[in-house]
Number of protein chains: 2
Amino acid sequence: MKRVIVDMDGVMADVYHQLVQFEKRDSGKEIEIRGLAGMPEIDAFPNGKKHIHEVGFFRTLPVIEGSKAALEYINSKYDLYVVSAGMEFPNSLREKFDWLAEHFPFISWEQIVLCGSKKVIHGDIMIDDYPKNLDHFAGEKFIFTQPHNELIENAAYKRVHSWEEIMSIL
Amino acid sequence: MKRVIVDMDGVMADVYHQLVQFEKRDSGKEIEIRGLAGMPEIDAFPNGKKHIHEVGFFRTLPVIEGSKAALEYINSKYDLYVVSAGMEFPNSLREKFDWLAEHFPFISWEQIVLCGSKKVIHGDIMIDDYPKNLDHFAGEKFIFTQPHNELIENAAYKRVHSWEEIMSIL
């Protein structure tokens, strides 16, 4: 059974949507996501650096469209692991665990990895929005489109724009 | 540079010592560690199952003798990762992070992995006290002696009894 490694932020959880909402709440600024192509994710928001350290930020992230149904299917057909670089934000560790338990109850604790670097992770397929994670992976690399990676053209990755598209491949 | 994967509980952190202390505190029973060879770790203590879920259990674990100096050395010579199956105890996630920051400040957040199953972990050498973790590992396997694994004889593992012994090999 092939092992599929799936990232959380920007793949299962909608970080941009949350940053837009928090920015509007705090500064009144309405940031247009379509204008952020190619910009570093957090720097695209005036208060982004503050917001990602806020208690509750990761716990209340919206679920990315189509991810629940797709991951329930992938979980039945593949050896699925959710791997998130949560160690950078220690507050997020428990929040990420609780978020997964709420939205993806079919994913067991055995299938969850919260790490720093993803260099130690081994599998057949990785779905991630960051080249820094995909580049060290020995298997097949799917880059999940998010504004910060939109302008990257690299034949080493297969670009996927939605969970619907992933479902049609896996 | 070879990658070394080191477990926390039973390798860096002294779980038996903590279970003995907590048992004494709660029931007055003084459990002799030398009588526990071959028994499952938690079952060897009347209140073990309760204690490992107690807030603060993992945060206050004593450091295993010799592990600080040895890991500081290993960290300078190898690509070191600390990999702990903390996901079974969600309370332990932040506690383990804070425990490492206190006792092993030279280990950065990039080098920490809190997971469920260790099947996804890839490296050259794994130091762990549990066969279930070592058995899926593709590299060299060191079993760190703890009472629960003392009676296991398996040529697939190199048995190490102390950090002093590990230092003499690595």
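Quick caveat: nothing in here was measured; it's all calculated off a predicted structure. Below, chain A is the first sequence line, B the second, and so on; all start at residue 1.
- At a threshold of 4.5 Å between non-hydrogen side-chain atoms, the residues Val113(A) and Met87(B) do not count as touching.
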Can you pull every donor-acceptor pair closer than 3.5 Å across chain B and chain A?
{"unit_1": "Arg3(B)", "atom_1": "NH1", "unit_2": "Lys119(A)", "atom_2": "O", "d": "3.4"}
{"unit_1": "Tyr81(B)", "atom_1": "OH", "unit_2": "Ser117(A)", "atom_2": "OG", "d": "3.4"}
{"unit_1": "Asn91(B)", "atom_1": "OD1", "unit_2": "Arg94(A)", "atom_2": "NH1", "d": "3.1"}
{"unit_1": "Arg94(B)", "atom_1": "NH1", "unit_2": "Asn91(A)", "atom_2": "OD1", "d": "3.1"}
{"unit_1": "Glu110(B)", "atom_1": "O", "unit_2": "Ser117(A)", "atom_2": "N", "d": "2.9"}
{"unit_1": "Ile112(B)", "atom_1": "O", "unit_2": "Gly116(A)", "atom_2": "N", "d": "3.1"}
{"unit_1": "Leu114(B)", "atom_1": "N", "unit_2": "Leu114(A)", "atom_2": "O", "d": "2.8"}
{"unit_1": "Leu114(B)", "atom_1": "O", "unit_2": "Leu114(A)", "atom_2": "N", "d": "2.8"}
{"unit_1": "Gly116(B)", "atom_1": "N", "unit_2": "Ile112(A)", "atom_2": "O", "d": "3.0"}
{"unit_1": "Ser117(B)", "atom_1": "N", "unit_2": "Glu110(A)", "atom_2": "O", "d": "2.9"}
{"unit_1": "Ser117(B)", "atom_1": "OG", "unit_2": "Tyr81(A)", "atom_2": "OH", "d": "3.4"}
{"unit_1": "Lys119(B)", "atom_1": "O", "unit_2": "Arg3(A)", "atom_2": "NH1", "d": "3.3"}
{"unit_1": "Val120(B)", "atom_1": "O", "unit_2": "His122(A)", "atom_2": "N", "d": "2.7"}
{"unit_1": "His122(B)", "atom_1": "N", "unit_2": "Val120(A)", "atom_2": "O", "d": "2.7"}

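- Contacts with chain A were tallied for Pro90(B), Cys115(B), Gly86(B); Pro90(B) has the most, counting heavy-atom pairs under 4.5 Å.
- Hydrophobic clustering (side-chain heavy atoms under 4.5 Å, transitive across Ile, Leu, Val, Met, Phe, Trp, Tyr) keeps Val4(B) apart from Ile143(B).
- As a member of the Ile/Leu/Val/Met/Phe/Trp/Tyr network built from side-chain separations under 4.5 Å, Leu151(A) groups with nothing else and remains a singleton.
- One hydrophobic cluster, built from ILVMFWY side chains closer than 4.5 Å, holds both Phe142(B) and Met8(B).
- Shortest non-hydrogen contact noted between Ile121(B) and Ile121(A) is CD1-CD1, 4.2 Å.
- Put simply, the side chain of Val83(A) does not reach to within 4.5 Å of the side chain of Val120(B), judged on heavy atoms.
- Taken together through direct or relayed side-chain contacts under 4.5 Å among Ile, Leu, Val, Met, Phe, Trp and Tyr, Val15(A) and Met39(A) form part of one hydrophobic cluster.
- Tracing side-chain contacts under 4.5 Å through hydrophobic residues (I, L, V, M, F, W, Y), one never reaches Ile112(B) starting from Ile5(A); they form parts of separate clusters.
- Remark: Phe97(A) engages no residue in a ring pair (Phe, Tyr, Trp, His ring centres under 6.0 Å) (not counting sequence neighbours).
- One hydrophobic cluster, built from ILVMFWY side chains closer than 4.5 Å, cannot hold both Phe144(B) and Leu134(B); they sit in different ones.
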